[in-house]
Amino acid sequence: MNNIDIIVILVFTALVFICGMSFSKAGKNMKSFFAAGGALPWWMSGLSLFMSFFSAGTFVVWGSIAYSSGWVAVSIQWTMCIAGVIIGFFIAPKWQKTKALTAAEFIADRFGVSIQKIYTYLFLFISIFTTGAFLYPVAKIVEVSTGIPITTSIIVLGVLILIYTAVGGLWAVIVTDVLQFIVLTAAVLIVLPLSFDKIGGVNNFIANAPEHFFEFTNSEYTGVFMVAFGLYNLFFIAGNWAYIQRYTSVATPKDAKKVGWLFGALYTISPLIWMLPPMIYKVLNPDLGNLAEEGAYLLMCKEVLPVGMLGLMLGGMVFATSSSVNTTLNISAGVLANDIYKNMFPKTTNQGLVRVGRIATVSLGILTIIIALLVPYFGGIVEVVMSVAALTGGAMFLPPLWGLFSKHQTGKSVLTVTIISLAINAFFKFLAPDVIGITLDRAMEMVVGMGIPIILMGILELYFIQFKNDTSQYTKYLAITSAKETATDKDEEASNNKKGIRVIGLGVAATGLLIIILSFMADSAKLLVSGMGIAILLLGLFIIKKSK
């Protein structure tokens, strides 16, 4: 990587940071800071949901699988498309109708404060490991591209992310997510044709690919795994507290539906585009081994991108991947402020709660950095992501999600299923190999992780229906929901929405201008780079015009 690439990284970093910091005055109250006022444009929320989920592992986790296993990586991600469509039709509008600021608030309304407290502590504990697992790929990308030690990368990037998330709240997260989506889409549309050109065309790529490289499943990621992982994605995207925020922050149930559908549509197309570069690199260099496979995506980019564009791609990857970190930090801080601190000190003012939320963001950010530093000792990022998914996905998110639809479930029933499921999953993961000599492969680990809570919740639902259990808790929940204050400051919402669109437009236009400048320095693909830069500049100008 040369000096021009490094300068581009610094420029793009400054651009993202300025966009995020421009909302320092937007968080006047809890709803503004943690829900963007509750009337976020659906397309912004949908793109942010896509980036928050997509970026967690696309470059490192799924890129590593694409390099080693080929088309399997596309198959895995298509399960996310199916989940998005189902969520759009049935689940997202249900969340919007709860009128809850956080998922923890819904659990308190539906199942009681005592149940909410236990779920909150479980979520915060797990979220620290989740954000740490998300921060690690960011630093891995930087290490592969620049040679900066991964420890230094984790610390510097972690501090940078937590600063603008603590200052700008959800608006900072949303706007930087949308900007990164546009930048990375443009970048990969440059990488892909150059990658095929590097390998001698599509036919040459297919002819020289390893055997079974284009099969939908393999011995590790079987058809059973795909079904189980699809269920995990459904529960995770529909029930993860950070993603619920995207459904509750829009104005209407119809907008919430569109958020889910946009997510599903993007996951129909994006796996086809994003997974090809590391697959092509397998043909170009088939000898990467062990954790080196985690860097396959960036190594392909380094092979083909002209001067400057590698820096832009890297900057986009870093901040897109960090989207998962700032999303989880924001909602976790919201839970601490809104659902723990406010209950302990009910007389705290809105401004005081926002201040607590910012302090919580910083504290959780520091813990995230520590966990990210420990990821290599847990067996690498693929192992961490898959294990956390199998252990916690169904157990944590399905039971409360079930309560969104069922009037029969109680606080005790959902919490019991969660604890039993977590205990069984942990036993098979950590104790069964030594105690009873059984080691689950990845597919069975996912099947157990998703199957246990589904079976337990189904049994309880049939039992409650058969014996006509008391549903007064659900009746109280309906009363709480209908009584909630729904009045909003329309002028402030409109102002923030216009400002958000304008900041996105300025960021996109600035990125387009930067790409046009880089096209003059490029030693190859000048026409492709300049054309993309002009297209992005025009898009940015159009967005700015719409904001007026």
Side-chain angles (χ1 to χ4, degrees), residues 27-36 38 95 98-132 161-162 165-170 172-173 239-249 325-371 392 395-397 399-401 403-404 410-412 414-416 418-419 422 473 476-477 480-481 484-485:
K28 296 179 181 179
N29 53 55
M30 290 293 286
K31 190 170 185 180
S32 174
F33 191 76
F34 292 111
W95 278 121
T98 65
K99 306 300 180 186
L101 184 66
T102 65
E105 184 178 326
F106 160 75
I107 293 174
D109 294 343
R110 176 67 179 84
F111 300 115
V113 174
S114 59
I115 301 298
Q116 176 234 40
K117 285 182 179 178
I118 299 173
Y119 267 106
T120 297
Y121 294 134
L122 282 172
F123 170 76
L124 291 174
F125 176 75
I126 293 169
S127 69
I128 292 170
F129 285 91
T130 304
T131 50
I161 292 164
L162 70 87
T165 305
V167 171
L170 184 60
V173 175
N240 183 287
W241 293 15
Y243 302 149
I244 291 169
Q245 193 183 29
R246 299 301 185 271
Y247 316 131
T248 59
S249 297
V325 180
N326 58 36
T327 294
T328 308
L329 283 179
N330 181 260
I331 191 59
S332 299
V335 168
L336 280 170
N338 185 68
D339 304 299
I340 295 180
Y341 191 87
K342 188 169 74 171
N343 288 333
M344 294 171 62
F345 304 99
K347 294 183 179 180
T348 307
T349 64
N350 254 315
Q351 290 81 0
L353 289 173
V354 172
R355 185 165 56 251
V356 170
R358 286 181 168 136
I359 294 170
T361 302
V362 174
S363 302
L364 291 168
I366 292 170
L367 290 173
T368 292
I369 291 170
I370 294 171
I371 294 298
T392 67
M396 272 295 296
F397 303 128
L401 189 62
L404 192 64
T410 65
K412 289 182 180 179
V414 297
L415 183 61
T416 299
T418 290
I419 292 174
L422 286 173
Q473 196 174 54
K476 290 179 183 178
Y477 160 70
I480 291 171
T481 302
K484 280 192 174 182
E485 179 61 55

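For reference, positions follow the sequence shown, starting with 1. For the numbers below, each heavy atom of this structure counts, side chains included, while hydrogens, waters and symmetry mates do not.
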When rounded to the nearest 0.5 Å, the distance separating CZ of Arg246 from CG of Asn240 is 10.0 Å

Distance col, row Leu401:CG vs Phe106:CZ, nearest 0.5 angstrom, shows 8.0 Å

Is the shortest side-chain heavy-atom distance between Ile115 and Ile107 below 4.5 Å? yes

Of all heavy-atom pairs linking Ser332 and Leu364, the shortest is CB-CD1, 3.4 Å

So the salt bridge (charged side-chain N to carboxylate O under 4.0 Å, His left out) pairs with at least one residue in residues 103-122 (sequence neighbours excluded) are Glu105-Lys484, Asp109-Lys484

Minimal heavy-atom distance between Ile244 and Gly239, with the atoms involved, is CD1-O, 3.3 Å

**OP:** Could you tell me whether a side-chain N or O of Thr98 sits under 3.5 Å from a main-chain N or O of Trp95, the two making a donor and an acceptor?
**Re:** yes

Sequence neighbours excluded, the answer for side-chain contact (heavy atoms from CB on, under 4.5 Å) partners of Lys412 is Thr410

Ala360 and Leu336 have their tightest heavy-atom pair at CB-CD1, 3.7 Å

Sequence neighbours excluded, the answer for ring-ring contact (aromatic ring centres under 6.0 Å, His included) partners of Tyr119 is none

_Over 60° means perpendicular and under 30° means parallel, so tell me whether Trp241 and Phe123 are parallel, tilted or perpendicular._
parallel

dist Leu422:CG -> Ile126:CD1 (nearest 0.5 Å) comes out at 6.0 Å

The ring-ring contact (aromatic ring centres under 6.0 Å, His included) partners of Phe111 (sequence neighbours excluded) come to none

For Ile118, the side-chain contact (heavy atoms from CB on, under 4.5 Å) test, sequence neighbours excluded, returns Leu122, Leu415

May I have the list of side-chain donor-acceptor pairs in residues 340-347 shorter than 3.5 Å, sequence neighbours left out?
unit_1: Lys342; atom_1: NZ; unit_2: Asn338; atom_2: OD1; d: 3.1
unit_1: Asn343; atom_1: ND2; unit_2: Asp339; atom_2: O; d: 2.8

